[in-house]
Amino acid sequence: MTADQEPADDDLAREVEEGSPRARRIGLWLGPVLAFAAFAAGSPLGFERDASLVFGLLALMATWWVTLAVDPAVTGLVPF
């Protein structure tokens, strides 16, 4: 391993821990869009209104967790 590779490895490790800034920005907007789409899709799928809300919430939280758009601890508090 050369000295040139170490900073790139450090950058990659930091990005894995903190998430990509681009992914955060996309996830911050994509989460609510997917939540609304999932909520709207619940009715045609035969879900009750409460189940549609949970489906939308699931889409929002999954998007935010995967993209790290919001701190995972904060995302975990969204249902409350």
Side-chain angles (χ1 to χ4, degrees):
M1 183 181 316
T2 65
D4 295 338
Q5 291 175 335
E6 289 179 23
D9 290 343
D10 290 341
D11 290 341
L12 180 60
R14 182 176 35 81
E15 191 169 305
V16 167
E17 281 185 28
E18 298 173 5
S20 164
R22 181 182 298 161
R24 281 189 197 162
R25 284 191 305 269
I26 291 170
L28 196 58
W29 292 101
L30 185 63
V33 170
L34 288 177
F36 179 76
F39 173 71
S43 251
L45 292 174
F47 293 167
E48 296 289 328
R49 187 178 193 307
D50 290 342
S52 293
L53 287 172
V54 171
F55 191 42
L57 187 63
L58 172 72
L60 173 70
M61 292 178 67
T63 303
W64 281 359
W65 268 325
V66 169
T67 62
L68 294 174
V70 179
D71 188 69
V74 175
T75 304
L77 294 174
V78 169
F80 295 108

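The structure presented is a predicted model; accordingly, all values stated were derived computationally and were not measured.
When every heavy atom of Ser52 is checked against every heavy atom of Ser43, the shortest pair comes out as OG-N, 3.7 Å. The two residues Thr67 and Ala23 come nearest to each other via the heavy atoms CB-O, 3.5 Å. Of all the heavy atoms in Pro32 and Trp64, the pair that sits closest is CD-NE1, 4.1 Å. A pairwise comparison of heavy atoms in Gly56 and Ala35 identifies O-CB, 3.3 Å as the closest pair.
Val74 and Leu57 end up in the same hydrophobic cluster when Ile, Leu, Val, Met, Phe, Trp and Tyr side chains are linked at under 4.5 Å. The hydrophobic cluster containing Leu28 also contains Trp65, counting ILVMFWY residues as joined when their side-chain heavy atoms lie under 4.5 angstrom apart, directly or transitively.
In this structure, OG1 in Thr75 is found 8.0 Å from CG in Leu68, a value given to the nearest 0.5 Å. The CG atom of Leu53 lies 11.5 Å from the CD atom of Glu48; values are rounded to the nearest 0.5 Å. For the atom pair Thr63 OG1 and Met61 CE, the distance stands at 11.0 Å (nearest 0.5 Å).
Every residue meeting the ring pair (Phe, Tyr, Trp, His ring centres under 6.0 Å) condition with Phe47, not counting sequence neighbours, appears here in chain and number order: Phe55.
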